[in-house]
Colleague: 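I have a structure I would like to understand better, so I am pasting it below and will then ask my questions one at a time.
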Amino acid sequence: QVQLAESGGGLVQPGSSLRLSCAASGKPLNYHAIAWLRQAPGKEREVVSCINKSDGSTYYADSAKGRFTMSSDNAKNTVYLQMDSLKPGDTGVYYCAADPMLYCSEDVRDTDFGSWGQGTQVIVSS
């Protein structure tokens, strides 16, 4: 399995931006489907974005479209989530997850991923 470590979370005001990073070790990330998931307080964990290894295509949840951008740097074995125009509803713990057998789509669920990071907290509040 690949080992994942997230960073970049913090406390920001509404309308601000953050960039989360997910650094991988053990195996190349480009052999996996990689996702960012969010668990808001009192809610189930949801897939925010997911990038496919096969064709580089990216899925975004409706809540993330137009505001979040997922990218990868294979040389650094790292994926990023650029979050712009943050809202209080974006508050939660953000996890990076990967799986070598998965194809990202709107049907992907958190239980589909085999490798997880420890999470990074994002709080959007004035």
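Along the sequence shown, residues carry numbers from 1. These figures come from a predicted structure and were not determined experimentally.
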Colleague: Do Leu81 and Val93 belong to the same hydrophobic cluster, where Ile, Leu, Val, Met, Phe, Trp and Tyr are linked whenever their side-chain heavy atoms lie under 4.5 Å apart, directly or via other members?
Modeller: no

Colleague: Side-chain contact, heavy-atom cut-off 4.5 Å: Asp112 with Met101?
Modeller: no

Colleague: What distance separates Gln39 CD from Gln121 CD, expressed to the nearest 0.5 Å?
Modeller: 10.5 Å

Colleague: Check step by step if side chain to side chain contact (heavy atoms under 4.5 Å, CB included) holds for Val108 and Leu102.
Modeller: CA-CA 8 Å; Val108 167; Leu102 201 59; 3.9 Å; yes

Colleague: Sub-3.5 Å donor-acceptor pair from the side chain of Asn52 to the main-chain atoms of Cys104, do we have one?
Modeller: yes

Colleague: Flag the pair Pro88 / Ser125 as yes when at least one side-chain heavy-atom distance between them is below 4.5 Å, and no otherwise.
Modeller: no

Colleague: Under 4.5 Å between any side-chain heavy atoms of Tyr80 and Asp73, yes or no?
Modeller: yes

Colleague: Does a salt bridge link Asp62 with Lys65, judged by any charged N lying under 4.0 Å from a carboxylate O?
Modeller: yes

Colleague: Is it the case that Arg19 places NZ or CZ above or below the six-membered ring of Trp36, under 6.0 angstrom from the centre and within 45 degrees of the axis?
Modeller: no

Colleague: Could you report the tightest heavy-atom contact between Pro14 and Ser126, atom names first, then the distance?
Modeller: CD-N, 3.7 Å

Colleague: Quick check: does any side chain N or O of Gln1 sit under 3.5 Å from a backbone N or O of Gly114, one acting as donor and the other as acceptor?
Modeller: yes

Colleague: Is the backbone N or O of Ala24 less than 3.5 Å from a side-chain atom of Gln3, with the two atoms forming a donor-acceptor pair by type?
Modeller: no

Colleague: Working to the nearest 0.5 Å, report the span between OG1 of Thr58 and CD1 of Ile51.
Modeller: 4.0 Å

Colleague: Between His32 and Lys27, is a side chain to side chain contact (heavy atoms under 4.5 Å, CB included) present by the stated rule, with each step listed?
Modeller: CA-CA 9 Å; His32 300 72; Lys27 289 187 178 181; 4.0 Å; yes

Colleague: Any side-chain heavy atom of Lys87 within less than 4.5 Å of one from Ser63?
Modeller: no

Colleague: I need the Ser7 OG to Tyr94 OH distance, nearest 0.5 Å.
Modeller: 15.0 Å

Colleague: Please tell me whether Asp55 and Tyr103 have a donor and an acceptor in their side chains that are separated by less than 3.5 angstrom.
Modeller: yes

Colleague: Of the non-hydrogen atoms in Gly8 and Leu18, which two are nearest, and what is the gap between them?
Modeller: O-CD2, 3.6 Å

Colleague: Say you draw a straight line from OG1 of Thr69 to OH of Tyr60; how long is it, rounded to the nearest 0.5 Å?
Modeller: 5.0 Å

Colleague: Please answer: with hydrophobic residues joined when any side-chain heavy atoms are less than 4.5 Å apart, are Val47 and Tyr95 in the same cluster?
Modeller: yes

Colleague: So do Ser21 and Glu6 actually touch side chain to side chain, heavy atoms under 4.5 Å?
Modeller: no

Colleague: How far apart are the closest heavy atoms of Ser17 and Asp84, and which atoms are they?
Modeller: OG-OD1, 2.7 Å

Colleague: Taking Asp110 first and then Arg45, would you say they form a salt bridge - that is, a charged N and a carboxylate O separated by under 4.0 Å?
Modeller: yes

Colleague: Do Met83 and Tyr59 belong together in a cluster built from hydrophobic side chains that touch within less than 4.5 Å?
Modeller: no

Colleague: Is there a donor-acceptor contact under 3.5 Å from the side chain of Thr91 to the main chain of Ile123?
Modeller: no

Colleague: Taking the side chain as every heavy atom from C-beta outward, state whether Cys96 and Phe113 have any pair of such atoms under 4.5 Å apart.
Modeller: no

Colleague: Report yes or no: does Ser105 contribute a side-chain atom to a donor-acceptor pair with the main-chain N or O of Asp107 at less than 3.5 Å?
Modeller: yes

Colleague: Count the heavy atoms of every other residue, nucleotide or ligand shown that sit under 6.0 Å from CD of Gln118, and state whether that count exceeds 12.
Modeller: yes

Colleague: Answer yes if Leu86 and Met70 sit in the same cluster of Ile, Leu, Val, Met, Phe, Trp and Tyr residues linked by side chain heavy atoms under 4.5 Å apart, and no otherwise.
Modeller: yes

Colleague: Just so I know, are the side chains of Asp99 and Trp116 near enough to count as touching, which here means a heavy-atom distance under 4.5 Å?
Modeller: no

Colleague: Within this structure, what is the CD-OG distance for the pair Gln82 and Ser71, rounded to the nearest 0.5 Å?
Modeller: 8.0 Å

Colleague: Transitively linked via ILVMFWY side-chain contacts under 4.5 Å: Leu4 with Leu20?
Modeller: yes

